[in-house]
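Read the structure below first, then the notes.
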Amino acid sequence: MKVLITGGAGFIGSHLAEEYLKKGHDVYIIDDLSTGYIENIQYLEKIEDYKRRLFFYHKSIFDPETLLDLTGTCDRVFHLAAAVGVDYILKNTLTSIERNIHGTEAVLKMCGRFKKRVLITSTSEVYGKHLHAPLVEDDNIIYGPPSKFRWSYAASKLMDEFMALGWHRQNNLDVVVTRLFNTIGPRQTSSYGMVLPRFVNQALKNEPLTVYGDGNQTRTFTYVGDVVTALRRIMEQQSAVGQIFNIGGTREISILELAKLVVKVTGSTSEIKMIPYDQAYTRDFEDMQRRVPSIEKIQKYIEFNPVIELSDIIKELVQDPEIRL
Ligand code: UDP
């Protein structure tokens with residue numbers, strides 16, 4: 001099978017590429033390297049057997065010829081190219097909205113033209129600021145006002161979901177929508193605000209770990225290997241077409257607890273420093289206090305048991321030669 005991954009030089013995209021290469025498939029990647037890294041491609045190319053089945057196009061998804069060519073060639077399309085990370089989005093607000101909405105629009109149109117099954121990666125951000133747990137795919141969404149630009153990311157991803165489901169309803173295109181919760185693992189960059197790689201980098205340098213707010217906000221973290229296997233399996237599940245699925249872990253942990261765990265596992269001498277939100281982000285920021293997925297739905301469709309211990313993942317990050325300090 002030939003698989004196209006938009007944003008395949010990114011953290012999750014490159015792991016997804018590896019998942020398919022491992023299974024013997026051909027992988028085509030289109031990535032403009034705006035937030036992805038060429039090192040992620042080079043990492044895959046080190047394995048001779050992967051190299052001859054990996055085709056990297058350093059192009060934007062807004063390049064119509066490349067998108068046309070690759071969508072026509074491939075059997076499956078995973079759309080991961082998007083603006084990523086709270087920090088990045090707050091610094092690049094308009095381009096992030098445009099990239100998410102128009103990028104997904106372009107990919108869906110091309111898939112519609114060639115009738116290719118497409119998986120759209122959305123995000124747990126879409127739920128907004130709920131306090132209850134777990135979050136179920138049919139839950140209402142709650143956003144702050146448009147003056148708080150953080151919500152522009154959630155709203156743009158929600159629009160992506162609507163467009164994808166619209167393509168399914170109106171044109172019978174095979175689409176699957178997945179909402180990814182906080183994904184972690186080797187080769188994740190800390191450059192765009194992601195908390196765990198930031199904490200690990202800070203701990204390894206014996207610098208203070210920066211906990212924003214009071215640290216009582218919680219998240220569940222999912223190992224990237226579990227995420228990409230779930231993406232591959234749900235893509236191949238005919239009954240999943242036209243539906244939305246949460247993909248996330250089940251262990252809820254506060255950010256303060258996470259910081260303590262990182263210090264413990266790394267054996268660092270770092271202190272933990274509490275930083276008020278207004279010093280951490282711009283005034284456009286509002287945090288999500290709690291974010292825990294229900295994974296009951298996806299478990300009815302595929303085998304999905306994300307149980308890897310957080311401390312084991314932290315250990316793996318510490319040993320990750322690719323870690324970007
Ligand atoms: N966070 C933190 N210190 C950091 C980076 C992030 O305390 O150096 C917090 C952030 O405010 C949020 C949580 O960690 O409450 C997760 O942040 P991240 O940007 O990784 O993802 P989010 O879940 O917010 O999309």
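Indexing begins at 1, ligand by ligand and atom by atom, following the structure's order. This structure is a prediction, so every number in the text was calculated from the model and none was measured.
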Requested in this report: For Val211, counting its heavy atoms only, list the atoms of ligand 1 lying under 4.0 Å from any of them.
Outcome: 7 (O)
Query - Passing candidate, side chain to side chain donor-acceptor pair (under 3.5 Å) with Tyr301, options Gln238, Arg233, Gln243, Gln237 - result: Gln243
Requested in this report: Tell me, please: is Glu125 in heavy-atom contact with ligand 1, that is, under 4.0 Å?
Outcome: yes
Query raised in the report: Considering Met274, Arg219, Arg290, Gln188, which one's heavy-atom position lies nearest to atom 24 (O) of ligand 1?
Result: Arg219
Requested in this report: Report the part of Thr210 in contact with ligand 1, treating N, CA, C, O as backbone and CB onward as side chain, heavy atoms under 4.0 Å; options are side chain, backbone, both, neither.
Outcome: both
Report task. Answer with side chain, backbone, both or neither: which part of Ile275 has a heavy atom less than 4.0 angstrom from an atom of ligand 1? Result -> neither
Report task. Assess whether side chain to side chain contact (heavy atoms under 4.5 Å, CB included) is satisfied between Ile30 and Ile61, documenting all intermediate values. Result -> CA-CA 7 Å; Ile30 178 168; Ile61 47 170; 4.1 Å; yes
Query raised in the report: Does any N or O atom in Gln202 lie less than 3.5 angstrom from one in ligand 1, N or O only?
Result: no
Query raised in the report: Heavy atoms, side chains only, cut-off 4.5 Å: are Ile29 and Ile41 in contact?
Result: yes
Query raised in the report: Which is closest to atom 25 (O) of ligand 1 by heavy-atom distance: Met288, Arg291, Met194?
Result: Arg291
Query raised in the report: What do you reckon, does Tyr277 have a nitrogen or oxygen under 3.5 Å from a nitrogen or oxygen of ligand 1?
Result: no
Report task. May I ask you to test the Ser124-Leu180 pair for a side-chain heavy-atom distance under 4.5 Å? Result -> no
**Report entry** For ligand 1, the portion of Arg150 having any non-hydrogen atom under 4.0 Å away
**Finding:** side chain
**Report entry** Protein contact to atom 7 (O) of ligand 1 [nearest heavy atom, distance to 0.1 Å]
**Finding:** Tyr212 N, 2.8 Å
Query raised in the report: Phe62 versus Glu98: any side-chain heavy-atom pair under 4.5 Å?
Result: no
Report task. If you have a sec, work out which protein heavy atom is nearest atom 17 (O) of ligand 1 and how many Å separate them, to one decimal? Result -> Val195 CB, 4.0 Å
**Report entry** Qualifying residue for salt bridge (charged side-chain N to carboxylate O under 4.0 Å, His left out) with Asp287, from Lys148, Lys129, Arg150
**Finding:** Arg150
Query raised in the report: Under 3.5 Å, is there a donor-acceptor pair between the side chain of Asp75 and the main chain of Lys2?
Result: yes
Report task. Determine whether Arg291 and Thr218 make a side-chain contact, defined as any pair of heavy atoms from C-beta on separated by less than 4.5 Å. Result -> no
